[in-house]
Number of protein chains: 2
Amino acid sequence: MQELLHQHLKKFADVKDVEFNELIKFFELLKMKKKEILLAEGQLCRRNFFVLKGCLRMFFIKENGMEQTTQFAIENWWMTDNLAFLQQQSSSFAIQAIEQSEVLSISFEAQEEMLSQFPQMERYFRKVYEKSFAAAQLRIRYINDFSREQLYHHFALLQPAFLQRIPQYMLASYLGFTPEYLSEIKKKHFGK
Amino acid sequence: MQELLHQHLKKFADVKDVEFNELIKFFELLKMKKKEILLAEGQLCRRNFFVLKGCLRMFFIKENGMEQTTQFAIENWWMTDNLAFLQQQSSSFAIQAIEQSEVLSISFEAQEEMLSQFPQMERYFRKVYEKSFAAAQLRIRYINDFSREQLYHHFALLQPAFLQRIPQYMLASYLGFTPEYLSEIKKKHFGK
């Protein structure tokens with residue numbers, strides 16, 4: 001199962017088998033039940049997560065008490081509250097498994113140590129964060145430009161795998177819809 | 001003036017003077033007049049920009065024909081359309097100097113070459129993108145949670161230097177206000 005991380009590292013950086021066998025020791029394998037909380041809002045954010053199997057979501061509680069989902073992560077995706085992780089402070093978000101999941105978890109100290117022992121991991125994380133930031137930049141464009149219905153179609157086009165896996169009310173929260181409105185749009189979209 | 005980049009590199013990575021003298025050769029110095037366009041929307045995004053002096057903004061034209069500003073960059077900040085730069089494709093954004101500015105510009109090919117010749121730059125860019133992504137993650141939270149007035153106060157708190165430098169109508173566009181509404185909020189904020 002950890003082989004998934006190895007493959008992902010190799011896509012972006014030169015990591016030999018013998019090196020992977022060393023650097024995997026910095027990680028801890030977590031098995032999460034559906035709905036289990038990995039990180040609570042307000043809790044010290046000590047760890048970064050890589051999804052081997054399953055699906056995570058990131059959310060926060062809005063001033064009006066509603067949950068707002070802001071990100072999903074499936075296999076091969078990293079997830080943490082990056083600012084809180086960098087500054088080792090309390091998190092502005094919660095992270096929850098929305099399926100039974102397996103996750104590699106690494107502490108801030110272990111990640112720093114891994115980066116100093118394996119400098120090729122700088123290249124790997126440079127590419128991971130570069131792509132993440134690029135996606136966030138575009139997302140801010142879409143939020144500013146698209147109608148809610150266009151946001152749905154765009155999401156369906158770019159992330160079809162998510163549509164099947166994510167519960168409707170969470171997808172609605174991510175897109176800023178009511179579940180009823182999402183259901184109407186889906187009917188239109190699939191012509192049912 | 002290029003010394004500003006050197007100082008910024010040293011904050012995040014180990015770059016010696018003799019190395020800086022080599023890697024600065026990958027950059028080109030651009031002097032921009034106020035309102036000059038560095039990158040047009042739809043143009044092939046070949047270059048990444050580091051601000052030595054002045055201020056840039058990133059914007060796009062909305063479906064309704066209005067300009068929407070999505071980012072600003074002052075001294076020590078990098079700016080490009082990151083996805084278009086990575087994929088060497090046409091840009092979804094335009095970049096404009098909003099003051100007389102001096103900018104270091106580097107092409108995609110030169111940046112790749114610099115990274116392979118100076119691996120410590122991987123660490124530098126890993127940290128730059130990590131922080132950029134962390135800020136974008138929080139920004140998506142604020143967009144989803146804050147009223148427009150709260151967004152203004154938050155911006156004023158975190159980025160006071162920008163308030164003095166950025167024309168009112170651009171700040172209004174960034175925050176999703178009309179210029180009139182921004183003017184009302186500013187009067188309240190400064191108690192005038």
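No hydrogens, no waters, no symmetry mates; every other heavy atom, side chains included, goes into these values. Sequence lines set the chain letters: A, B, ... in the order given, protein chains first and strands last, and positions in each chain run from 1.
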Trainee: So do A:Ser91 and A:Glu41 actually touch side chain to side chain, heavy atoms under 4.5 Å?
Mentor: no
Trainee: Tell me, out of B:Asn82, B:Leu115, B:Thr80, who's got the most heavy-atom pairs with chain A below 4.5 Å.
Mentor: B:Asn82
Trainee: In terms of heavy-atom pairs under 4.5 Å with chain B, which of A:Phe133, A:Phe125, A:Phe59 leads?
Mentor: A:Phe133
Trainee: Is the distance between the ring centroids of A:Phe162 and A:Trp77 less than 6.0 Å?
Mentor: yes
Trainee: Using the six-membered ring wherever Trp is involved, compare the ring planes of A:Phe155 and A:Tyr174 and label them parallel, tilted or perpendicular (cut-offs 30° and 60°).
Mentor: tilted
Trainee: Just give me the residue among A:Lys62, A:Glu130, A:Lys127 that pairs up with chain B most often, heavy atom to heavy atom, under 4.5 Å.
Mentor: A:Glu130
Trainee: Can you tell me how the ring of A:His6 sits relative to the ring of A:Phe20, calling it parallel under 30°, perpendicular over 60° and tilted otherwise?
Mentor: parallel
Trainee: If we define contacts as heavy-atom pairs under 4.5 Å, which of A:Asn64, A:Ile140, A:Thr70, A:Asn144 has the most with chain B?
Mentor: A:Asn144
Trainee: So does B:Phe49 get a backbone contact from the side chain of B:Ser105, meaning a donor-acceptor N/O pair under 3.5 Å?
Mentor: no
Trainee: Count the heavy-atom pairs under 4.5 Å between each of A:Met121, A:Met58, A:Gln68 and chain B, then report the option with the highest count.
Mentor: A:Gln68
Trainee: At a heavy-atom separation under 4.5 Å, does B:Gln87 approach chain A through its side chain, its backbone, both, or neither?
Mentor: neither
Trainee: Give a yes-or-no answer on whether the side chains of A:Gln117 and A:Glu22 include a donor-acceptor pair shorter than 3.5 Å.
Mentor: no
Trainee: Can you tell me which portion of B:Asp81 sits under 4.5 Å from chain A's heavy atoms? Options are side chain, backbone, both or neither.
Mentor: both
Trainee: What part of B:Gln71 gets closer than 4.5 Å to chain A, counting heavy atoms only: side chain, backbone, both or neither?
Mentor: side chain
Trainee: Using the six-membered ring wherever Trp is involved, compare the ring planes of B:Tyr142 and B:His154 and label them parallel, tilted or perpendicular (cut-offs 30° and 60°).
Mentor: tilted
Trainee: Shorter than 4.5 Å, heavy atoms on both sides: which option in A:Gly176, A:Ala136, A:Ala134, A:Ala84 has the most such pairs with chain B?
Mentor: A:Ala134
